[in-house]
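Just so you know, residue 1 is the first one in the sequence shown, and it goes up from there.
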Amino acid sequence: MLSRRTLLRATALLPVAAPVLVPGTASAEVPGLAPLPTLNRALFAPHEQRFAPYLATLSPMVNDMDDSGFFAGGWWRTPAAPFNARVQEHVFTLAWFYANARPWNPYAGDASLLAALDAALGHYLSLQHSDGSFPEYSRNEHGLAPTGFGIGYLAKTLRILRSAGVLPARQAQLTVALRTAMTWFLNPANRTVWQEPLYFSNQTASGLAGAALALKLDPDPALATSLTEAFARIAATGVSPVGFFYEERGHDMNYNFEVMLPELADAYHHNPDPNLVDMARAFTGFLAYNLLREPDGAGYMVNVAPSTRTSTRWYDEVRPDPDRTALNWTFTRQVPLLSAFMTAREDLAEARAAWAASAEPVTPLAKQDTSPRILTHGLYDERFPSRRQRAAAIADLPYLRSNDFVELRRGGGQDFLYVRKPGLYLGGYFGSRASRSRTGLTFVWHPEAGTIVCGLNNNNHACWSTVFPGQAPDSNGPLPATYFRGAPGGEEWTGGPAPAAFGIRYGNANVTTDVLVTRRTIRRTVTANAAATEQIPLVLQPGDVLTFTDGTRAAFGGSTTATADGFDLRRGGTTIRFRWGTPLQAILAAGSVRYFRDGARRFHALRIPHQGTFDLTVIMG
């Protein structure tokens with residue numbers, strides 16, 4: 001009977017396409033890795049604590065490998081198939097633990113681990129096409145992401161192998177593979193990598209970061225020139241005029257802040273090209289309007305409705321390891337405002353001390369939640385901002401520095417609007433809709449109470465919308481807008497100082513919405529061509545007291561129905577009043593979405609059916 005490993009190896013080597021088979025000795029059966037002894041947390045240097053859960057995962061991950069060197073077991077990336085080169089990115093993980101002797105690392109110099117690494121590299125390199133690219137979703141694919149990220153992981157692995165003086169044949173193969181991959185990747189005519197504008201900017205950035213290291217290891221004047229040109233090209237085609245990095249032709253907070261910016265930082269460590277700083281500065285300026293600081297110090301709520309691909313909804317005040325944004329400290333000297341969104345070094349030190357003192361066992365990571373990028377951040381020194389530096393940056397956030405402005409950023413048919421008045425901060429996203437995003441008004445924030453309204457993306461039940469039968473919100477589509485000095489329909493506003501009263505008119509063929517913003521009020525008037533429902537995505541806290549005007553007290557975390565013409569929301573010393581003039585049935589229902597590590601804040605949807613007209617006034621404080 002054939003073994004499971006033999007069957008999997010046979011599947012991996014089926015002649016679906018003609019891979020480039022690199023020379024070298026064939027892999028014998030991958031040996032198992034001994035189970036990890038109990039870890040002593042106190043042995044870890046603070047900045048290496050991020051390695052602990054990966055160390056606990058190493059043995060089960062290696063023991064799932066098949067004879068071909070394929071990382072079977074579904075530990076990283078989908079599809080978990082032998083043709084997916086991204087699955088093999090854990091070659092870096094194996095190389096790091098093999099080459100780095102630490103009091104807590106029993107696998108340093110382990111022969112079985114080295115054999116597994118050798119096999120994994122053999123399988124990884126066998127997937128490379130003759131043009132230098134790698135596949136991800138099918139064997140015949142010439143993919144952007146697997147090639148871009150692959151250049152980075154293979155270059156970092158090559159550096160480790162050279163430093164350790166092991167696997168010389170693989171080192172030679174890696175050198176050739178990297179040069180071939182970079183030649184494909186840096187070619188400006190390659191439309192898989194280079195579009196105008198870029199489609200997945202983080203994936204293009206990953207290849208440039210990898211190339212910056214690969215060319216440091218093996219200088220090549222022609223490729224170095226191509227990389228310099230590529231840095232200028234990504235600065236021109238990867239950044240929207242609005243300030244974000246393109247993801248599906250729009251903005252995505254997760255990929256922008258947690259992948260793209262760290263990849264630029266990684267590149268900067270090896271090649272301090274000034275374009276990288278300019279890109280970091282542009283994005284930080286955008287970020288400063290879209291992360292909403294909670295006054296109680298919980299962290300930042302995310303203006304997530306415009307996000308195109310993922311649904312990151314908050315960032316905690318202190319983000320201990322593993323933190324996908326950690327490497328962003330790289331740009332804090334050149335872009336001091338970025339410090340506002342980093343963990344302060346004193347807070348991080350306290351979190352790491354608590355981790356070291358904990359008696360809880362270190363458990364393996366969950367399958368798929370094993371990104372090796374977390375470990376690559378540990379290759380560099382740390383320079384997190386101090387509490388003082390962070391506080392100064394926070395004070396410089398636009399909506400904290402000023403209480404009266406209108407910021408309108410436009411690009412690609414999309415409008416990102418931010419209106420600050422003494423008693424409120426309002427956000428909107430208008431124009432064309434990108435992928436999973438939701439248009440319309442997106443958030444309301446109060447200086448003392450924090451975030452009151454925050455719409456979600458990719459969810460027709462959780463956006464601030466006029467909703468038609470069949471749960472069809474106007475926000476799930478394009479909503480062009482016009483802006484006014486004063487009430488909508490008056491003199492148009494085309495820029496300049498913030499008017500005392502600011503108007504917005506937006507809509508589609510079925511509904512027109514007029515919004516008037518003054519010092520402490522928001523008036524939203526809806527005129528639809530049929531009966532509809534006003535839907536308001538509220539963010540409530542356990543201590544909030546929400547009372548409808550008919551006397552009904554809302555149940556936090558539950559469902560409440562009232563017949564009223566409004567409600568009062570009291571949070572601490574602030575009362576915010578919602579009024580719609582005519583008694584209507586209102587249903588407030590808690591959703592499953594919670595915010596921040598403690599999960600205390602919770603999403604609640606307010607829905608108020610009406611006959612096609614609805615006039616809401618929000619009085620802030």
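- Of the inter-residue distances, the one linking N303 atom CG with W445 atom CH2 reads 13.5 Å to the nearest 0.5 angstrom.
- With rounding to the nearest 0.5 Å, the separation of NE2 in H123 from CG in D66 is 7.0 Å.
- Formation of a donor-acceptor pair under 3.5 Å by the Q88 side chain with backbone atoms of G69 is found in this model.
- In this structure, W314 and V304 have side chains that are not in contact, with every pair of non-hydrogen atoms separated by 4.5 Å or more.
- The main-chain N or O of A366 is never found under 3.5 Å from a side-chain atom of T370 such that the two would form a donor-acceptor pair.
- Side-chain polar atoms of N275 and D273 form a donor-acceptor pair below 3.5 angstrom.
- Taking each heavy atom of Q171 and G165 in turn, the nearest pair found is NE2-C, 4.3 Å.
- Side chain of R436 to backbone of N459: no donor-acceptor contact under 3.5 angstrom is found.
- Because its NZ or CZ atom is not both nearer than 6.0 Å to the ring centre of Y199 and within 45° of the ring axis, R249 does not count as a cation-pi partner of that residue.
- The distance from the CG atom of N202 to the CG atom of L261 is 11.5 Å, given to the nearest 0.5 Å.
- Nearest heavy atoms, V239 versus A282: CG1-CB, 4.3 Å.
- In this structure, F257 and F341 have perpendicular ring planes: the angle between them is above 60°, well past the 30° mark.
- When all heavy atoms are compared, the tightest approach of V30 to D67 is N-OD1, 3.9 Å.
- Counting only distance, with no hydrogens or angles, the side chain of S201 and the backbone of Y246 share a donor-acceptor pair below 3.5 Å.
- Heavy atoms only, all atoms of each residue included: P262 and R373 are closest at CB-NH2, 3.5 Å.
- We find that R352 and E382 are joined by a salt bridge, their nearest charged nitrogen and carboxylate oxygen being less than 4.0 Å apart.
- None of D252, T204, N254, I234 except one satisfies the side-chain contact (heavy atoms from CB on, under 4.5 Å) rule with M260; the exception is I234.
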Discussion item. I'd like to know whether L167 forms a side-chain contact (heavy atoms from CB on, under 4.5 Å) with L114, so could you lay out the CA-CA distance, the side-chain angles of the two residues, the decisive distance to 0.1 Å, and finally the verdict.
Written reply: CA-CA 9 Å; L167 302 183; L114 184 62; 3.8 Å; yes

Item to complete: List the steps and the verdict of ring pair (Phe, Tyr, Trp, His ring centres under 6.0 Å) for H270 and Y380.
Response: CA-CA 11 Å; H270 305 293; Y380 309 102; 5.8 Å; yes

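- Taking the charged nitrogens against the carboxylate oxygens, D316 and R319 have no contact shorter than 4.0 Å, which rules out a salt bridge.
- Nearest heavy atoms, F149 versus E263: CE2-OE2, 3.7 Å.
- A donor atom on one side chain and an acceptor atom on the other are not found under 3.5 Å apart for E248 and T308.
- A side-chain donor-acceptor contact under 3.5 Å links N63 and S59.
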Practice prompt. Evaluate the criterion side-chain contact (heavy atoms from CB on, under 4.5 Å) for residue pair F200 and E247; output intermediate values, then yes/no.
Written response: CA-CA 5 Å; F200 297 115; E247 293 294 330; 3.5 Å; yes

Worksheet item: Where do F71 and W76 land on the ring pair (Phe, Tyr, Trp, His ring centres under 6.0 Å) test, with the steps shown first?
Response: CA-CA 8 Å; F71 281 103; W76 177 233; over 10 Å; no

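- Taking the six-membered ring where tryptophan is involved, the planes of F286 and F244 are perpendicular, since the angle between them exceeds 60° and thus also 30°.
- Aromatic ring centres of H269 and W329 lie closer together than 6.0 Å.
- Relative orientation of the F283 and H251 rings is tilted, given thresholds of 30° and 60° on the angle between their planes.
- Within the structure, side chain to side chain donor-acceptor pair (under 3.5 Å) contacts touching residues 385-395 (residues at least two apart or in different chains) are E317-R390, D347-R387, E350-R387, S386-Q389.
- S311 pairs by the side chain to side chain donor-acceptor pair (under 3.5 Å) definition with N457, not counting sequence neighbours.
- For the atom pair OG1 (T284) and CD (Q334), the distance works out to 10.5 Å, reported to the nearest 0.5 Å.
- Taking the six-membered ring for Trp and the full ring otherwise, Y124 and F134 have centroids separated by under 6.0 Å.
- Relative to the six-membered ring of Y255, R309 meets both conditions, a distance below 6.0 Å and an angle of at most 45° to the axis.
- A donor-acceptor pair under 3.5 Å is absent between the side-chain atoms of T57 and the main chain of P364, judged by distance alone.
- Put simply, the side chain of S307 gets close to the backbone of M253: a donor and an acceptor are under 3.5 Å apart.
- In this structure, L198 CG and T237 OG1 are separated by 3.5 Å, a value rounded to the nearest 0.5 Å.
- Side-chain contact between L39 and L55: present, with at least one pair of heavy atoms (C-beta onward) separated by less than 4.5 Å.
- In terms of the side chain to side chain contact (heavy atoms under 4.5 Å, CB included) criterion, residue partners of A230 (sequence neighbours excluded) are, by chain and number, L186, W194, L208, R233.
- Using a distance-only test at 3.5 Å, with no hydrogens or angles considered, a donor-acceptor pair links the side chain of K367 to the main chain of G73.
- Between the side chains of R162 and T157, no donor N or O sits under 3.5 Å from an acceptor N or O.
- N84 meets the side chain to side chain donor-acceptor pair (under 3.5 Å) test with no other residue; sequence neighbours excluded.
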Worksheet item: After noting the C-alpha distance and the side-chain angles of R50 and H377, does the key distance pass the side-chain contact (heavy atoms from CB on, under 4.5 Å) rule?
Response: CA-CA 9 Å; R50 75 192 72 188; H377 293 173; 3.2 Å; yes

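- For P135 against P146, the heavy-atom pair with the smallest separation is O-CB, 3.6 Å.
- The line from CD of E89 to OG1 of T376 is 10.5 Å long, rounded to the nearest 0.5 Å.
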Worksheet entry | Working for side-chain contact (heavy atoms from CB on, under 4.5 Å), residues T332 and M342 | CA-CA 9 Å; T332 54; M342 303 300 298; 4.1 Å; yes

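- Applying the side chain to side chain donor-acceptor pair (under 3.5 Å) rule to pairs touching residues 97-113 yields E48-R102, sequence neighbours excluded.
- Aromatic ring orientation, H90 versus Y54: tilted (interplanar angle from 30° to 60°).
- Side chain of R333 to main chain of T330: no donor-acceptor pair is present (N/O by atom type, distance under 3.5 Å, no hydrogens or angles).
- Comment: R41 does not engage E360 in a salt bridge, judged by the lack of any side-chain N to carboxylate O separation of less than 4.0 angstrom.
- Judged as a side chain to side chain contact (heavy atoms under 4.5 Å, CB included), and not counting sequence neighbours, D381 has no contacts.
- Distance alone, capped at 3.5 Å, is enough to place a donor-acceptor pair between the N256 side chain and the F245 backbone.
- Contact check on D218 versus R159 returns no salt bridge, with no Lys/Arg side-chain nitrogen under 4.0 Å from an Asp/Glu carboxylate oxygen.
- A cation-pi contact links R293 to Y300, judged by a cut-off of 6.0 Å to the six-membered ring centre and 45° from its axis.
- Between the side chain of S133 and the main chain of T147, no donor-acceptor pair closer than 3.5 Å is present.
- Between V302 and L292, every side-chain heavy-atom pair lies at or beyond the 4.5 Å cut-off.
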